[in-house]
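Below is one structure, written out as structure tokens, with a few remarks after it.
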Amino acid sequence: MILAAGFIGWFQTIKSEIKVTDELDRHQRPVILIKKGFPYILGWIAIFILGIMMHFFHHASIAIDDIFSEFAHELLKDIAVFTRFSSKDSWYVWALSGVSSMTFTFFLEKKEARLKDILHQGTKNQRKRAHPDNR
């Protein structure tokens, strides 16, 4: 399952395009534009299907209504990230989603060298607290 999620995360980056702009965000970091493409959608669907398969494996049955309800729930979690923290997902959904997301980010950082530095840069206030002499 973990290997499948890692493979899906890698697959989602295949057609991803990354553009680091000259524009800065409110924390003075460069704005990054990512066009995810069709493989990203296929990966998202694969994670959804794996989640249903794991649910079926653990509970031995699943109703059609539950599949549509879960699909709507997953779509909402992808659109509104804050709902992910209030959901009652099983551990395998968290594992699938977490591993695929980490792998996706890892391979995006490999595609664009500046991406890792930008993502780990922190906010302007965090940098000031870390280095008090840099005011």
Consider side-chain contact (heavy atoms from CB on, under 4.5 Å). Of Glu112, Lys111, Lys35, which one does Ser16 pass it with?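 Only one of Glu112, Lys111, Lys35 forms a side-chain contact (heavy atoms from CB on, under 4.5 Å) with Ser16, namely Lys111.
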Per the side-chain contact (heavy atoms from CB on, under 4.5 Å) rule, which among Leu24, Asp117, Asp22 passes with Pro30?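 Only one option passes, and that is Leu24.
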Check the hydrophobic clustering (I, L, V, M, F, W, Y; side-chain heavy atoms under 4.5 Å; chains of links allowed) and say if [X] and [Y] are grouped together.
{"X": "Met54", "Y": "Phe7", "result": "no"}
{"X": "Trp44", "Y": "Ile49", "result": "yes"}
{"X": "Val31", "Y": "Ile34", "result": "no"}
{"X": "Ile47", "Y": "Met1", "result": "yes"}

Rounded to the nearest 0.5 Å, how far apart are [atom1] of [X] and [atom2] of [Y]?
{"X": "Ile18", "Y": "Arg114", "atom1": "CD1", "atom2": "CZ", "answer": "10.0 Å"}
{"X": "Leu96", "Y": "Met53", "atom1": "CG", "atom2": "CE", "answer": "10.0 Å"}
{"X": "Phe107", "Y": "Gln12", "atom1": "CZ", "atom2": "CD", "answer": "12.0 Å"}

Might you point out which heavy atoms bring Leu50 and Ile8 nearest each other, and give the distance in Å?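 Here Leu50 and Ile8 meet closest at CD1-CD1, 3.7 Å.
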Can you see which heavy atom on Thr103 is nearest to which on Trp10, and at what distance?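 What the structure gives for the nearest pair is CG2-N, 3.6 Å.
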If you count every heavy atom of other residues, nucleotides or ligands that lies below 6.0 Å from Leu33 atom CG, does the total exceed 12?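 More than 12 within 6.0 Å, yes.
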Would you indicate whether Lys15, at its atom NZ, is surrounded by more than 12 heavy atoms from other residues, nucleotides or ligands within a distance under 6.0 Å?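 For Lys15, atom NZ is not crowded (no more than 12 foreign heavy atoms under 6.0 Å).
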Note, Leu115 side chain near Val20 side chain (heavy atom, < 4.5 Å):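 Leu115 does not reach Val20 side chain to side chain.
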Should Thr21 and Ile32 count as side-chain neighbours, where that means a heavy-atom distance under 4.5 Å?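 A side-chain contact is absent here, since even the closest heavy-atom pair is not under 4.5 Å.
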Given the side-chain rings of Phe11 and Tyr40, with only the six-membered ring counted for Trp, is the space between their centroids under 6.0 Å?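 Not under 6.0 Å, so no.
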Any donor-acceptor pair under 3.5 Å from Ser100 side chain to Ser97 backbone: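 Indeed, once roles are kept as given, a pair shorter than 3.5 Å links the two residues.
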